[in-house]
Amino acid sequence: MSAHDLDIPRLRAEAAAILRENDLGAGYTIPTKGLYPFQWNWDSCLVALGLAVVDEDRAFREIETLVAHQWDDGMIPHIVFHADAQSYFPGPDVWGTGRATPTSGITQPPVLAWCLRRLYEGAADRAAAGARVKALLPKVAAWHRWFREARDPDGTGLVAILHPWESGRDNAIDWDAALDRVPTEGVGDYVRRDTAHVDAAQRPTKAEYDRYLWLLKRFRALGWDNAALHAASPFKVVDPGFNAILIRSAEDLAALADALDEPAIAAEADAQAQRGRAALAGLWREDLEQYAPFDRTTGASVASASLGGLLPLFALAPGDPKASALVRRLDDLADRTAYPVPSHDPADPRFDRLRYWRGPIWLVTNRMIVDGLARHGEAKRATALARACLGLVARSGFGEYFDPLDGRALGGGRFSWTAAMVLDLSR
Ligand code: GLC
């Protein structure tokens, strides 16, 4: 279908219906029925961008519900298990975090402040939005501080993820080598639920799942003490994508705090953004012409040309020459795929067009790239990518992710963050 055939009002009505359907009536939206029956951290923040288009109050509530489950040390967990559901593994009994409302014990990409700034600046009722954002600022600042203390104890300016699930790009090729070193002894038998909902060829493998669970059990044995986990984890990777999100959120937290008269928070966040941006430069790889992860356990750069190394576009200071290099990489990837932006470079033999974060396209990361393009003065490219996203959903439906070579929808269906991105990208 050509971009001219897009029926935007119809697409938006369908997107809004999906968000209503996945709203469990208690202030949170599940990613999709069956496969993901709880509240996920970055899903909720991104879903709020879509909710803001239809109901501003509900958008803020989505975020407030998530933040209400922040831990005392400042961490905001990756899953909140508000209600029982048997369709997901590992559930609250496996995590064993001992919270009154159970949560997982790890975190997820901190898109929160980036989303909050967009909600605030787009609000019809600025005064009401300002009061709600102001109440959230100290909590966001505490989460960002937690990242510095618990995930960058040596003060390098960059944080490590301790579990692939923290990256939000669960089975990315980026983690293969580090994950290989994670043992599997004592994991025992378990029954995965994800492959009952989705074709196993589109999901992580059993070898990966064994290691995901080994790490979970190791952290649980340490009582989920975040002061101890960084030193104890055999998996410790510095992801340029994750760090770019934190840097951009720190910049947006500083801007919000400035606007809402919280100078101490603004100064702290600004310092974090600047340190992070300076340190990010160390992750550039000339041979790949993009950023790449750094394995903090081995002290080596990881040769993996993934989407994570393109996301810094959305955090680099305007005018940074690395931004033009990333735009060239994006053009090159677009030339080699029918639909942009693949989660891994198709020229890599490890690329897999169907398997989750090893090749498929995701609208949420595309949304960040659209933002990055606009930030660096690439308005035409930004609009073209946004239109491509809308066209893809119009053609294939509201899938969880999409095949970059033929555009077919993959994973779960009627997916909340895909619906939210449709609403947000067609604003
Ligand atoms: C998967 C994705 C992750 C997302 C979650 C819920 O685990 O990899 O990014 O948050 O599903 O949609």
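We count residues from 1, following the sequence as given. Both backbone and side-chain heavy atoms feed into the values below; hydrogens, waters and symmetry mates do not. Ligands are counted one by one from 1 in listed order, and the atoms in each one are counted from 1 as well.
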| Min N/O separation Glu400 to ligand 1 under 3.5 Å | no
| Which atoms from ligand 1 have a heavy atom of Tyr356 less than 4.0 Å away? | 1 (C), 2 (C), 7 (O), 8 (O), 11 (O)
| Does a side chain donor of either Trp175 or Asp239 reach within less than 3.5 Å of an acceptor in the other side chain? | no
| request: With heavy atoms of Trp42 as the reference, note each atom of ligand 1 found under 4.0 Å away. | output: 3 (C), 4 (C), 9 (O), 10 (O)
| His163/Tyr212 aromatic ring centres below 6.0 Å | yes
| ligand 1 contact on Gln108 by region, counting heavy-atom pairs under 4.0 Å | side chain
| said: I need the atoms of ligand 1 closer than 4.0 Å to a non-hydrogen atom of Trp40, numbered in the order shown. | reply: 5 (C), 6 (C), 10 (O)
| message | Taking the ring of Trp42 and the ring of Trp417, is the distance between their centroids below 6.0 Å? | response | yes
| field | Proximal atoms of ligand 1 relative to Phe415 (non-hydrogen, under 4.0 Å) | value | 12 (O)
| said: Could you identify the single nearest non-hydrogen protein atom to atom 9 (O) of ligand 1 and state the distance to 0.1 Å? | reply: Gly168 O, 2.6 Å
| request: Report yes if Trp357 has an N/O atom closer than 3.5 Å to an N/O atom of ligand 1; otherwise report no. | output: yes
| Going by distance only, is there an N or O of Trp362 that falls short of 3.5 Å from an N or O of ligand 1? | no
| query | Atoms of ligand 1 less than 4.0 Å from Trp417 heavy atoms? | reply | 4 (C), 9 (O), 10 (O)
| task | Could you list the atoms of ligand 1 found under 4.0 angstrom from a heavy atom of Pro31? | result | 6 (C), 12 (O)
| message | Looking only at side-chain N and O atoms, does Ser304 offer a donor or acceptor that is under 3.5 Å from a partner on Asp174? | response | yes
| Option with minimal heavy-atom separation from atom 10 (O) of ligand 1, where the choices are Asp170, Val47, Asp43 | Asp43
| message | Can you confirm if the aromatic rings of Trp362 and Phe402 lie within a centre distance of less than 6.0 Å? | response | no
| field | Salt bridge flag under 4.0 Å for residues Asp332 and Arg329 | value | yes
| query | Under 6.0 Å between ring centres, would you say that holds for Phe81 and Phe38? | reply | yes
| message | Using the ring centroid of each side chain, check whether Phe242 and Phe147 are separated by less than 6.0 Å. | response | yes
